[in-house]
*Asks:* 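Structure below; questions to follow.
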Amino acid sequence: MHASDFEEIASLDEFGSTDRLEVFIDDTPVLLILLNDQVFAIEDACTHDGQPLTNGCIEAGAIICPRHGARFDLATGKALCMPATKPIQTFEVEVRDRKVFVRSGN
Ligand code: FES
C-alpha cells in the first residue's frame with residue numbers, strides 16, 4: 001500500500017450506540033470518535049505516560065486522559081493542558097457511503 005493511501009477501517013454502523021471504536025492502523029492503536037456526525041481518528045496513547053485514551057471523556061472537542069487528566073484536541077492532537085506537553089498523533093478521516101476511511105502513513 002502507498003504510504004499515504006486512505007484505508008477503509010470501519011463503518012458508521014459499527015458505532016451502534018457508542019461514540020467510539022478501537023482499531024489498528026499499521027500496528028498503531030487508534031481510537032475513532034464520532035462527535036456531532038464527524039469522525040475523528042487519534043492515536044490511542046497518551047503522550048504523558050502511554051495510558052490508553054480509550055475510555056476518556058469527551059468535552060468541548062477534546063478527549064481527557066482517564067489517568068491524570070491531560071486533554072487533547074480531537075482535531076489537531078494538541079495537548080491542551082498538563083501533565084501532557086506533546087501532541088498525540090491524529091489521522092485524516094473521510095466518510096463515504098457510511099464507510100470510514102483513514103489516511104495511514106505520513
Ligand atoms: S497518562 Fe495521560 S495524563 Fe498521565
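Note that ligands are numbered from 1 as they come in the structure, with each ligand's atoms numbered from 1 the same way.
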*Asks:* One thing to verify: whether Arg67 and Asp49 come together as a salt bridge, which I'm taking to mean a side-chain N less than 4.0 angstrom from a carboxylate O.
*Replies:* yes
*Asks:* Is the distance between atom 4 (Fe) of ligand 1 and the nearest N/O/S atom of Cys46 smaller than 2.8 Å?
*Replies:* no
*Asks:* Quick one: does NZ or CZ of Arg96 land under 6.0 Å from the six-membered ring centre of Phe101, within 45 degrees of the ring axis?
*Replies:* yes
*Asks:* Which residue and non-hydrogen atom of the protein lie closest to atom 3 (S) of ligand 1, and at what distance in Å?
*Replies:* His68 CB, 3.3 Å
*Asks:* What atoms of ligand 1 come within less than 4.0 Å of a heavy atom belonging to Gln51?
*Replies:* 1 (S)
*Asks:* Do Val30 and Asp44 touch side chain to side chain, with heavy atoms closer than 4.5 Å?
*Replies:* no
*Asks:* Give the atom numbers and elements of ligand 1 that come within less than 4.0 Å of a heavy atom of Asp49.
*Replies:* 1 (S)
*Asks:* Return the name of the atom in His48, of element N, O or S, nearest to atom 4 (Fe) of ligand 1.
*Replies:* ND1
*Asks:* Taking only Lys NZ, Arg NE, NH1 and NH2, and the carboxylate oxygens of Asp or Glu, determine whether Glu94 and Arg103 approach each other closer than 4.0 Å.
*Replies:* no
*Asks:* In this structure, would Val102 and Val39 fall into the same cluster of hydrophobic residues linked by side-chain contacts under 4.5 Å?
*Replies:* yes
*Asks:* Quick one: does Pro83 get within less than 4.0 Å of ligand 1, heavy atoms only?
*Replies:* yes
*Asks:* Under a 4.0 angstrom heavy-atom cut-off, which atoms of ligand 1 come close to Ala70?
*Replies:* 3 (S)
*Asks:* Please could you name the atoms of ligand 1 that Cys65 approaches to less than 4.0 Å, counting only its heavy atoms?
*Replies:* 1 (S), 2 (Fe), 3 (S)
*Asks:* With a 6.0 Å cut-off (strictly less than), is the heavy-atom count around CG of Asp37, excluding the residue itself, greater than 12?
*Replies:* no
